[in-house]
Amino acid sequence: MEYRIPPGVEAVEKLEDFIVVNRLAPNTRIPSERDLCEMWGVSRSTLRQAVDALVCRGVLYRISGSGVYVSGGKKNRNMVGVDSMVGELRQQGAILVKKIISCRKMEATKQISKKLRVPLGRQVYEYVLLRKIDDIPCILETTYIDCERFPDFDKYYNEKNSMGRVVKNIYHKKQVAGEERISVTYASEHEAEFLEVPSETPLFFTSGIIEDEEGIVVMYYKQLLRGDKFKFVSRIDNEQS
């Protein structure tokens, strides 16, 4: 009995070969579904499954309303906090740009007060940021900072500064430790619009706190990260006696 490669697997192989043979550079748009289906004689559903598989593997990525593009590969996201993440991405050769979507003062909710370790109702800054990597929106981030401990923070922080730099240089507090949790969620219509992905696309969700040298919480953050752009890694130091 002759073994036949399933159409979906064959379509994945054809797509990968197409990228290699044509030497498609990262961020190059691949042909439309219709053109590829006609080229290879496959159904749209089969081709779509192949594209989905390569998007999950980080070989391709989608831009809503534009098309499917060749990825530069997934970036490492070490579980070490926001500013450390930004530095690590730059070391990987990524070009990062952030946009402040909103900034406001608000009363700390039960969740925020617990994470920041401040009284319920305390005034806090809420920043919503969109981070782009190589001009592709990849991270939607919300950060909370205590107004009382960091007065006039909004006067010093902008799109050209990092929060860590402001905390260190203006308030003379150094971020030294923290904790972070990761799970998977799905993009709402609002989130999908910012990240330029279809609604209900799987996303990584991280949340964490950063502490200073006195063990006091500096900030509480939440992030939504595109699953086709990141893989999570954790360094382990092994000491043998």
Side-chain angles (χ1 to χ4, degrees), residues 1-77 85 89 92-99 101 128-142 182-206 222-233:
M1 180 178 178
E2 184 180 355
Y3 174 73
R4 177 178 172 81
I5 299 175
V9 175
E10 188 174 9
V12 168
E13 293 178 349
K14 286 180 180 294
L15 266 171
E16 290 180 313
D17 288 343
F18 183 84
I19 293 168
V20 173
V21 170
N22 291 278
R23 298 181 179 179
L24 299 186
N27 306 317
T28 300
R29 187 178 183 275
I30 68 171
S32 67
E33 279 187 2
R34 176 182 295 177
D35 290 342
L36 291 176
C37 288
E38 290 179 356
M39 186 188 309
W40 296 328
V42 299
S43 67
R44 286 208 171 189
S45 61
T46 297
L47 182 66
R48 199 164 290 141
Q49 288 174 6
V51 171
D52 288 344
L54 292 180
V55 167
C56 289
R57 284 165 48 184
V59 177
L60 301 172
Y61 67 91
R62 287 188 176 92
I63 295 181
S64 183
S66 177
V68 180
Y69 295 78
V70 178
S71 174
K74 293 188 179 183
K75 300 295 184 183
N76 288 347
R77 167 63 162 94
M85 173 202 70
L89 288 172
Q92 295 175 45
I95 300 173
L96 280 82
V97 176
K98 72 167 176 272
K99 178 182 179 182
I101 297 173
V128 180
L129 310 174
L130 179 65
R131 296 185 185 271
K132 290 187 176 184
I133 301 176
D134 300 331
D135 206 34
I136 300 168
C138 292
I139 306 169
L140 188 60
E141 178 183 311
T142 305
I182 176 175
S183 59
V184 175
T185 186
Y186 297 89
S188 67
E189 290 187 10
H190 181 68
E191 295 159 351
E193 185 177 349
F194 278 117
L195 292 172
E196 296 181 5
V197 297
S199 180
E200 298 300 315
T201 294
L203 302 172
F204 289 120
F205 173 73
T206 69
K222 299 181 290 185
Q223 292 181 323
L224 292 171
L225 302 96
R226 284 177 49 163
D228 60 331
K229 291 297 175 185
F230 288 94
K231 60 181 178 181
F232 277 74
V233 298

Exercise for review: State, to 0.1 Å, how close Ala187 and Val197 come at their nearest heavy-atom pair, and which atoms those are.
Suggested key: CB-CG2, 4.4 Å

Point to revise | Flag side-chain contact, heavy atom, 4.5 Å: Val59 against Ile19 | key: yes

Practice item. Give a yes or no on whether the backbone of Ser188 and the side-chain of Glu191 come within a donor-acceptor separation of less than 3.5 Å. Key: yes

Exercise for review: First locate atom CG of Leu36, then atom OG1 of Thr46, and finally report the distance between them rounded to the nearest 0.5 Å.
Suggested key: 13.0 Å

Exercise for review: Going by the side-chain contact (heavy atoms from CB on, under 4.5 Å) test, name the single residue among Leu60, Leu15, Leu54 that passes it with Val68.
Suggested key: Leu60

Review point. For Asp17, does the CG atom have more than 12 heavy-atom neighbours from other residues, nucleotides or ligands under 6.0 Å away?
Key: yes

Review point. At what distance, to the nearest 0.5 angstrom, does CZ of Arg44 lie from CZ of Arg34?
Key: 5.5 Å

Point to revise | Stepwise salt bridge (charged side-chain N to carboxylate O under 4.0 Å, His left out) check, Arg48 with Glu33 | key: CA-CA 8 Å; Arg48 199 164 290 141; Glu33 279 187 2; 2.7 Å; yes

Review point. Pick one: which of Leu224, Leu140, Val184 meets side-chain contact (heavy atoms from CB on, under 4.5 Å) with Leu203?
Key: Leu224

Review point. Is there a donor in the side chain of Gln223 and an acceptor in the side chain of Thr206, or the other way round, less than 3.5 Å apart?
Key: yes

Review point. Would you find a donor on one side and an acceptor on the other, under 3.5 Å apart, between the side chain of Arg226 and the backbone of Leu195?
Key: yes

Point to revise | Close side-chain approach of Thr142 and Leu129, heavy atoms under 4.5 Å | key: no

Point to revise | Validation row: Leu47, Trp40 side chains within 4.5 angstrom (heavy atoms) | key: yes

Check your understanding: At what distance, to the nearest 0.5 angstrom, does CZ of Arg131 lie from CD of Glu141?
Key -> 4.0 Å

Practice item. Taking the side chain as every heavy atom from C-beta outward, state whether Phe194 and Ile101 have any pair of such atoms under 4.5 Å apart. Key: yes

Review point. Does any non-hydrogen side-chain atom of Arg62 lie less than 4.5 Å from one of Val55?
Key: yes

Run the side-chain donor-acceptor check on residues 21-31: report pairs under 3.5 Å with partners two or more places apart or on a different chain.
unit_1	atom_1	unit_2	atom_2	d
Asn22	ND2	Phe18	O	2.8
Asn27	OD1	Tyr61	OH	2.8
Thr28	OG1	Ala25	N	3.4
Thr28	OG1	Ala25	O	2.7
Arg29	NE	Ser66	O	3.0
Arg29	NH2	Ser66	O	3.3

Check your understanding: Is there side-chain contact between Ile133 and Cys138, with at least one heavy-atom pair below 4.5 Å?
Key -> yes

